[in-house]
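Reckoned from all heavy atoms, side chains included, excluding hydrogens, waters and symmetry mates. Numbers restart at 1 for each chain; the letters A, B, ... are given by sequence-line order, proteins then strands.
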Protein chains: 2
Amino acid sequence: MSDDEERTPASGAWRSLGDFIRSQRELANLSMRQLAEIAKISNPYLSQVERGLYKPSADVLKSIANALHLSAETMYSQAGLLDNSGPRDESHHGVEHAIKVDPRLTNDQKESLIRIYRSFTAGS
Amino acid sequence: MSDDEERTPASGAWRSLGDFIRSQRELANLSMRQLAEIAKISNPYLSQVERGLYKPSADVLKSIANALHLSAETMYSQAGLLDNSGPRDESHHGVEHAIKVDPRLTNDQKESLIRIYRSFTAGS
DNA sequence: AGCATCTGCTTGGTATACTTAGCGCATCAC
DNA sequence: GTGATGCGCTAAGTATACCAAGCAGATGCT
């Protein structure tokens, strides 16, 4: 009873992705139906998302981000989907990574290049 | 009849996200069950994803990316979920650029690697 | 020959993301 | 007052992401 929770969290840390989206939407002076229209989702669904009942797919997140003139990275980051906790890349993984994700190379070619690269950098 | 279809597209972009994941998985010498285990998804589902029958959620994408030691951004980018209209034009000259700026390679080694790389990608 | 153990794939079901129809409340015109 | 139009939300259904169990082929071992 008594008070509800904070409805508009002070700027800074959002309780959830829904709060973030709602805040951004209100900041842009858009109604749910307007934003839903632009983002090509249904307004009830947007309501659920903002209330934290559903966690939207990446597609929808991207669409909402675009509608709000936010970068997809920002949105994913808020959604906790970009936690750069996984791969410790950088440094000497630069070349290998670039090779691995190059769509013009076959896997055999990638292995060859990486093998050569490693032989070059073995001593350093 | 005739030949197998191309399993690793020799040139051009990935036909789909599934192709990219399968290629990365094979490059890491992981079976579907192994990768599925690490990524905490079921192996049949991974099969469907690699065959392009389903488009995984961002959560799963992130998990697979981590299991393959790829950054989530790379995976999202491949999934077409990040508008890579970013400042990086590096995507196209990724390998050569990475080689050029690698401090552990001598200039001779860089030239060798780039020459091999160009021979591999000559047709594309 | 068999059995064991891989591989990837199919089937059938459950969970959840998402939509269409509609409710209740407010504001503004008439 | 009644009706029209805005808001956000609820309810019920559909589509799809995802999982557990099991199948068919390939490889290896005795």
Side-chain angles (χ1 to χ4, degrees), chain A residues 4-9 14-68 72 75-76 78-81 107-108, chain B residues 1 3-9 14-68 72 75-76 78-81:
Chain A
D4 252 350
E5 302 151 4
E6 271 189 317
R7 307 219 149 230
T8 51
W14 311 105
R15 282 205 335 256
S16 67
L17 172 67
D19 287 335
F20 174 74
I21 293 177
R22 173 158 296 189
S23 176
Q24 293 299 314
R25 176 176 63 81
E26 290 172 346
L27 202 64
N29 278 314
L30 290 172
S31 74
M32 282 188 163
R33 283 181 166 85
Q34 288 173 327
L35 176 56
E37 166 91 3
I38 301 173
K40 287 169 185 136
I41 62 177
S42 64
N43 51 84
Y45 181 55
L46 179 58
S47 172
Q48 324 265 36
V49 166
E50 288 191 354
R51 294 166 58 85
L53 299 182
Y54 293 127
K55 109 186 164 165
S57 73
D59 253 354
V60 172
L61 276 183
K62 180 190 172 190
S63 192
I64 295 175
N66 279 342
L68 288 173
M75 191 60 85
Y76 293 149
Q78 278 295 331
L81 293 171
N107 279 352
D108 281 348
Chain B
M1 329 288 261
D3 285 1
D4 277 349
E5 300 190 357
E6 276 184 316
R7 306 218 147 228
T8 51
W14 307 103
R15 285 205 318 263
S16 67
L17 172 67
D19 286 334
F20 175 74
I21 293 177
R22 173 159 295 189
S23 177
Q24 293 301 311
R25 177 176 62 80
E26 290 172 345
L27 199 63
N29 279 312
L30 290 173
S31 73
M32 282 188 164
R33 281 181 168 83
Q34 288 173 327
L35 176 56
E37 167 91 5
I38 301 173
K40 287 168 187 139
I41 61 178
S42 66
N43 53 84
Y45 181 55
L46 178 58
S47 172
Q48 324 264 36
V49 166
E50 288 190 355
R51 294 165 58 85
L53 299 181
Y54 294 127
K55 116 190 156 157
S57 71
D59 256 354
V60 171
L61 276 183
K62 181 188 170 193
S63 191
I64 294 175
N66 281 343
L68 289 173
M75 190 61 85
Y76 293 150
Q78 278 297 329
L81 294 171

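- Taking atom CG on B/Asp59 and atom P on D/dA17, their separation rounds to 14 Å, with Å as the unit.
- Backbone-only contact: A/Val60 has heavy atoms under 4.0 Å from sugar-phosphate atoms and none from a base.
- Distance A/Leu46 CG to D/dT10 P: 14 Å, rounded to the nearest Å.
- One can place OH of A/Tyr54 at 16 Å from P of D/dA15, the figure rounded to the nearest angstrom.
- Of the listed nucleotides (D/dA17, C/dC18, D/dC9), D/dA17 has the atom at the smallest distance from the side chain of B/Lys55.
- The CG atom of A/Asp19 sits 15 Å away from the P atom of D/dG8 (whole-angstrom rounding).
- Comparing D/dA20, D/dA17, C/dT7 by their nearest atom to the side chain of B/Pro44 picks out D/dA20.
- Across the protein-nucleic acid pair, B/Tyr45 atom OH and D/dG22 atom P stand 23 Å apart, rounded to whole Å.
- Contact annotation: B/Ser47 does not reach the phosphate of C/dG8 (side-chain N/O to OP1 or OP2, under 4.0 Å).
- In this structure, B/Leu61 and B/Leu17 have side chains that are in contact, with non-hydrogen atoms separated by less than 4.5 Å.
- Between the P atom of D/dC7 and the CG atom of A/Asn29 lies a distance of 12 Å, rounded to the nearest Å.
- The two residues B/Ala67 and B/Ile38 come nearest to each other via the heavy atoms CB-CG2, 3.5 Å.
- Dashed line: the shortest gap from a side-chain N or O of A/Arg51 to OP1 or OP2 of D/dC9 is under 4.0 Å.
- Between B/Val49 and B/Asn43, the residue whose closest nucleotide on DNA chain D is further toward the 5' end is B/Val49.
- When all heavy atoms of B/Ala58 and A/Ala58 are compared, the closest pair comes out as CB-CB, 3.6 Å.
- The separation between B/Leu53 atom CG and D/dC19 atom P is 15 Å, rounded to whole Å.
- Atom-to-atom, CD of A/Glu26 to C1' of D/dC7 comes out at 12 Å; the value is rounded to the nearest Å.
- Between B/Ser57 and D/dC18 there is a side-chain N or O to OP1 or OP2 distance below 4.0 Å.
- A close approach under 4.0 Å does occur between a side-chain nitrogen or oxygen of B/Ser31 and OP1 or OP2 of C/dT7.
- Across all strands shown, B/Gln48 has heavy atoms under 4.0 Å from base atoms, whether or not it also approaches the sugar-phosphate.
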* **Derivation and outcome, side-chain contact (heavy atoms from CB on, under 4.5 Å), residues A/Asp19 and A/Ser16** => CA-CA 5 Å; A/Asp19 287 335; A/Ser16 67; 3.6 Å; yes
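- Taking each heavy atom of B/Arg25 and B/Leu46 in turn, the nearest pair found is CD-CD2, 4.3 Å.
- Considering only side-chain N and O atoms, B/Arg33 lies nowhere under 4.0 angstrom from the phosphate OP1 or OP2 of D/dA20.
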